[in-house]
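Written below as structure tokens is the structure these notes are about.
Side-chain atoms are counted along with the backbone in the values below, which use heavy atoms only and exclude waters and symmetry mates. These figures come from a predicted structure and were not determined experimentally.
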Amino acid sequence: TKLSTPVFVLTSIARPSRFLNMLNKNGFNIVGQAAFRDHHLFTLSDIRRVIHRAESVGAQAIVTTVKDKIRLPDGEIALPIHVLGLTLEFDSERSVHALLEPILADLVKRSV
């Protein structure tokens, strides 16, 4: 989607403000949003309401997360849906080990 395209943001994540901030920092033209509780399983009724709200504010597309896209019900949705994922990159192998070692140590303690 072109960044000038008016988009409506749909989320069901723990901290939707972080996703919105990321979209804003990257120049998305956000005209509205619907934030559901974390892990919400969208119903067709939810999506109809979201589409109505999106169209009423002039959105030409919906932007959501990968996590939320898989929770959308099957069926035709009146607006294009753009999915944005996040990529995690580590600057070194050492930083990966530093992150994982305490988690693995805790798992080993629990299994004993």
Side-chain angles (χ1 to χ4, degrees):
T1 185
K2 292 182 182 177
L3 293 180
S4 61
T5 300
V7 298
F8 192 88
V9 180
L10 173 63
T11 59
S12 70
I13 54 180
R15 293 178 186 90
S17 60
R18 288 184 181 177
F19 186 63
L20 285 167
N21 288 340
M22 187 264 304
L23 294 174
N24 280 319
K25 285 180 185 176
N26 285 284
F28 280 77
N29 179 13
I30 300 169
V31 295
Q33 69 166 321
F36 290 78
R37 64 177 167 70
D38 196 18
H39 303 288
H40 180 75
L41 293 174
F42 297 105
T43 65
L44 202 47
S45 177
D46 293 333
I47 299 308
R48 285 184 183 130
R49 283 193 312 272
V50 166
I51 295 296
H52 178 73
R53 285 180 55 198
E55 289 175 337
S56 73
V57 294
Q60 295 177 9
I62 292 177
V63 175
T64 193
T65 66
V66 173
K67 175 187 164 194
D68 293 327
K69 172 67 169 118
I70 63 172
R71 289 180 164 66
L72 293 176
D74 291 334
E76 191 65 29
I77 296 179
L79 291 172
I81 296 181
H82 300 284
V83 179
L84 295 180
L86 300 176
T87 302
L88 183 62
E89 292 184 21
F90 293 95
D91 56 0
S92 71
E93 187 176 324
R94 184 179 315 177
S95 59
V96 175
H97 286 282
L99 178 69
L100 293 178
E101 283 176 1
I103 296 167
L104 294 174
D106 186 52
L107 288 172
V108 168
K109 276 195 270 185
R110 290 180 189 201
S111 66
V112 174

Problem set entry | Separation of Ser17 OG from Met22 CE (nearest 0.5 Å) | 12.0 Å
For this session: Output the distance between atom CZ (Phe8) and atom CD (Glu55), rounded to the nearest 0.5 Å.
Result: 10.5 Å
Exercise. Hey, what's the ring geometry for His40 with Phe42, parallel, tilted or perpendicular (30° and 60° as the breaks)?
Worked result: perpendicular
Exercise. What is the minimum heavy-atom distance between Ser12 and Arg37, and which atoms define it?
Worked result: CB-O, 3.3 Å
For this session: Decide yes or no for Ile51 and Leu79: does some side-chain heavy atom of the first lie under 4.5 Å from some side-chain heavy atom of the second?
Result: yes
For this session: Would you check if Val31 and Asn29 make a side-chain contact, meaning some heavy-atom pair closer than 4.5 Å?
Result: yes
Problem set entry | Leu84 side chain reached by Leu23 side chain, heavy atoms, under 4.5 Å | yes
Exercise. Which one of Ile47, Asp46, Ile81 satisfies the side chain to side chain contact (heavy atoms under 4.5 Å, CB included) criterion with Leu10?
Worked result: Ile47
For this session: For Pro6 and Gly58, work out which heavy atoms get closest and say how close.
Result: CG-O, 3.4 Å
Problem set entry | Over 12 foreign heavy atoms within 6.0 Å of NZ, Lys67 | yes
Problem set entry | Polar side-chain atom of Arg71 near backbone of Thr43 as donor-acceptor pair, under 3.5 Å | no
Exercise. Minimum heavy-atom separation for Pro16 to Thr11, with atom names?
Worked result: CB-OG1, 3.4 Å
For this session: Give a yes or no on whether Arg15 atom CZ has more than 12 heavy-atom contacts from other residues, nucleotides or ligands under 6.0 Å away.
Result: no
For this session: Indicate, with yes or no, if Leu44 and Leu41 share a hydrophobic cluster defined by side-chain heavy-atom contacts under 4.5 Å among Ile, Leu, Val, Met, Phe, Trp and Tyr.
Result: no
Exercise. Under 4.5 Å between any side-chain heavy atoms of Val50 and Ile62, yes or no?
Worked result: yes
Problem set entry | hydrophobic_cluster_shared for Phe19 and Ile70, side chain cutoff 4.5 Å | no
Problem set entry | Over all atoms of both residues, closest heavy-atom pair of Ala61 and His82 | CB-CD2, 3.4 Å
For this session: Kindly indicate whether the side chain of Thr65, heavy atoms from C-beta on, has any atom under 4.5 Å from the side chain of Asp68.
Result: yes
For this session: Kindly give the heavy-atom pair with the smallest separation between Arg53 and Ala34, and that separation in Å.
Result: NH1-CB, 3.7 Å
Problem set entry | Exam field: side chain Asn24 to backbone Leu20, donor-acceptor pair closer than 3.5 Å | yes
